[in-house]
Amino acid sequence: MRLGDRGQQVYESTWRPLEKRLSSDELELLFWLDVLSDDDRARRADTFERQQRRLSKLSTVDQLEREVGRIAKLGELLETVLRPSSEADPEVRRHLSRIVAWGVTAAYPVVLELLRRREAQTATSVQVADALTVLESYLVRRVVTATATTVLNRILAQAVEPVHDAEVPAEGLRTYLSGGRRHFATDAQVRDAVHHVPFYLQGRASQRKLILMWLDEGLGSKEHVDSKGLTIEHVMPQSLSAEWRKALEGEIEPGADVDEMHRQALHTLGNLTLTGYNSEMSNGVFAVKRPRLQHSGLLMNQSIADQESWGPEQIAHRADTLAEEIITLWPGPDESLMVRSGDQTSEMWRTAAMIISAIPAGRWTTCDAVATLVGTDAVLLDSHLATTGIREAYRVIQSGGTIPDRSEWMDSARKIEPKQLLEADGVRFDASGHAAPEQEMSVEDLALECGITVPETAAERFEAQLSQHQEPSTVEAVHRLMNHWAMRGWVQYGTGASVTAFFMADANGDHIWPIALSPTGKVEVVFQYLARREPFTDEELRKELRLRFNSAPGVDLEDRPRPGFLASSLSNEAVFDDEVDGSIDN
């Protein structure tokens, strides 16, 4: 509109081809990525305002026309990212396909910068492929070592500048990712993680499958295997039959606990593979699974089938083998630049102090909110605040706006109570002593104030909150429940500050959600809702469901609309089996 007489010509020659190249959603993505390249704190919801502000500074027709041309050129590069089949170089095409399959749009600004450099002839295709390998390695190693994704968006957005400035893009990216608190997993961390991290519960299901597919490709298979029908298979199954239990007893040391060994090794990388025969193999003993694996097109399955039996020794050996393959395929960081564990702790507290000092006068927040951004436990943060002299710590109070009983948070010189300090700031309290909820700063408010990226989806926020509130054994049990539920329904997430997971299923053409799980640890059975949905309009059926839950040790659901039990009880395998296999499946 501001181009005047030249508007139609520019539209036909430059803008219209861009609209044909990208869908409306892809155009929106393009403009957000453009904003993100200038400000890593930008939110997707701010795209229109930020672009409008940028365009308002352009006063001449020539400036506007150049800007349209710049966006169009960026759109061509984005099309290459989104549809890598158009990329001429085979190695760049392979890595672009992997980045797209990984499904993290936060990586796109780095990828676009690499393609921009090649377009400007300041980087070759070989150099672009090398840098994409570093990026891929960073993403894969984070999943293998169970590194939280809380600040991944910001880390990757800030990687654009070092990629732009470095003479060799791969070295610039590797140096940047190796420094600070960016958690580029080392070789030693990978070798340790494959034995202890429950890989099956990490990242997204699609990402776990991709890693296994890429590992198989790395073995040099010349046979193409269609990945669409493949699912992740536990060689040692999730539920031990009497035959499996007997076989494992012969594989472990006398007196060792089969159930404990099973729990520790079950979800680790060494026990996992891909197969198109998951349902056929099911809980079958190794002798039944072995022929299927032997005739698989996947080389990793053939190596499993080479074993005479399957137990902790074979799982550990395969884990070691896969760790070395990961290290070879995906080179690690420059360890000379890495922050050591003690320094990481110090940096974590420095981050906490930075966040708290950014809380404006007249606002308050909670330990839970700060801990979510810092990546620590709220109780640990609370203890830290009680023994350190962060000046604005009085602005961190309890959920609901009540003042914690912490005399150490008083001003040491003036002995002023935290409530008085907050009131002096402008925080209002009601007659019951609760701070005004409209003055609370949420996790998102704090993140925006400090330029820290919070989990971008409700599922990721749930994961962050679950890890914050629950012991690792409970987190693992919840993941196990979700994986089990995925065979018959799906999980939907709430939109509140505390994200609730609703376990959904189809029943008689309608949706039901019998279970709601809060990250703070309560599992509710929502009879109030079920009573309005078939088949649970039948009161006797609801009663039967409640009694089945109550058959599990330590579970005692009362006859009321939304009774519940603690999520921590799911970490007891006997309870889990009763509640899931006994109650939910039936």
Side-chain angles (χ1 to χ4, degrees), residues 36-42 95 99 102 104-114 116-117 122-123 127-193 197 203 326-355 357-358 372-376 447 450-456 464:
L36 200 62
S37 66
D38 285 339
D39 184 357
D40 58 78
R41 295 174 298 177
H95 286 294
I99 294 296
W102 194 258
V104 177
T105 55
Y108 288 3
V110 177
V111 179
L112 287 172
E113 178 57 32
L114 289 168
R116 263 198 298 259
R117 286 200 55 174
T122 62
Q127 290 176 324
V128 169
D130 289 344
L132 290 174
T133 300
V134 174
L135 178 60
E136 186 181 304
S137 175
Y138 180 68
L139 295 172
V140 167
R141 285 180 175 233
R142 286 176 70 95
V143 171
V144 170
T145 57
T147 303
T149 61
T150 309
V151 294
L152 181 61
N153 285 9
R154 190 180 184 208
I155 290 172
L156 294 179
Q158 290 180 341
V160 172
E161 186 174 345
V163 168
H164 174 81
D165 294 341
E167 183 176 349
V168 180
E171 286 305 309
L173 182 59
R174 182 169 180 257
T175 298
Y176 164 74
L177 293 174
S178 300
R181 193 161 165 256
R182 300 186 182 100
H183 304 296
F184 196 167
T186 65
D187 293 352
Q189 288 170 330
V190 169
R191 290 186 177 108
D192 178 70
V197 168
I326 290 168
I327 290 166
T328 300
L329 293 175
W330 295 293
D334 181 345
E335 296 189 32
S336 68
L337 302 174
M338 301 202 73
V339 178
R340 302 304 167 188
S341 58
D343 296 331
Q344 282 188 358
T345 302
S346 298
E347 186 170 339
M348 180 173 69
W349 296 138
R350 284 195 295 272
T351 302
M354 179 271 291
I355 293 170
S357 64
T372 297
L373 289 185
V374 174
T376 188
C450 304
I452 297 175
T453 303
V454 296
E456 59 182 6

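The basis for the numbers below is simple: all heavy atoms, side chains too, and nothing from hydrogens, waters or symmetry mates.
The OH atom of Tyr108 sits 12.0 Å away from atom CG of Leu156, with the distance rounded to the nearest 0.5 Å. To the nearest 0.5 Å, atoms CG (Asp130) and CG (Leu114) are separated by 10.5 Å.
With contacts defined as side-chain heavy-atom distances shorter than 4.5 Å, the pair Arg191/Ile327 qualifies.
Judged by distance alone, with hydrogens and angles left aside, the side-chain atoms of Arg182 form a donor-acceptor pair with the main-chain N or O of Tyr176 at under 3.5 Å. Using a distance-only test at 3.5 Å, with no hydrogens or angles considered, no donor-acceptor pair links the side chain of Arg174 to the main chain of Ala131.
Minimum heavy-atom separation, Glu335 to Thr186: OE2-CB, 3.6 Å. Taking each heavy atom of Gly332 and Ser137 in turn, the nearest pair found is N-OG, 4.4 Å. The shortest non-hydrogen separation linking Pro331 to Thr328 is CD-O, 4.2 Å. Shortest non-hydrogen contact noted between Pro333 and Arg141 is CD-NH1, 4.1 Å. When all heavy atoms of Ala157 and Leu36 are compared, the closest pair comes out as CB-CG, 4.1 Å. Minimum heavy-atom separation, Val197 to Val144: CG1-O, 3.6 Å.
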Can Arg117 and Val128 be said to form a side-chain contact (heavy atoms from CB on, under 4.5 Å), step by step? CA-CA 9 Å; Arg117 286 200 55 174; Val128 169; 6.0 Å; no
Could you walk me through whether Leu112 and Val160 pass side-chain contact (heavy atoms from CB on, under 4.5 Å), step by step? CA-CA 9 Å; Leu112 287 172; Val160 172; over 6 Å; no
side-chain contact (heavy atoms from CB on, under 4.5 Å) evaluation trace for Trp102 with Val143: CA-CA 11 Å; Trp102 194 258; Val143 171; 3.6 Å; yes
Check the pair Ile155, Leu177 against side-chain contact (heavy atoms from CB on, under 4.5 Å), reporting the backbone distance first and the verdict last. CA-CA 8 Å; Ile155 290 172; Leu177 293 174; 4.0 Å; yes
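In this view, Tyr138 and Arg142 satisfy the side-chain hydrogen bond (donor to acceptor under 3.5 Å, both in side chains) rule, not counting sequence neighbours. A search for side-chain hydrogen bond (donor to acceptor under 3.5 Å, both in side chains) contacts involving Glu136 returns His95, Arg98, Trp330, not counting sequence neighbours. Not a single side-chain hydrogen bond (donor to acceptor under 3.5 Å, both in side chains) links Ser357 to another residue, sequence neighbours left out.
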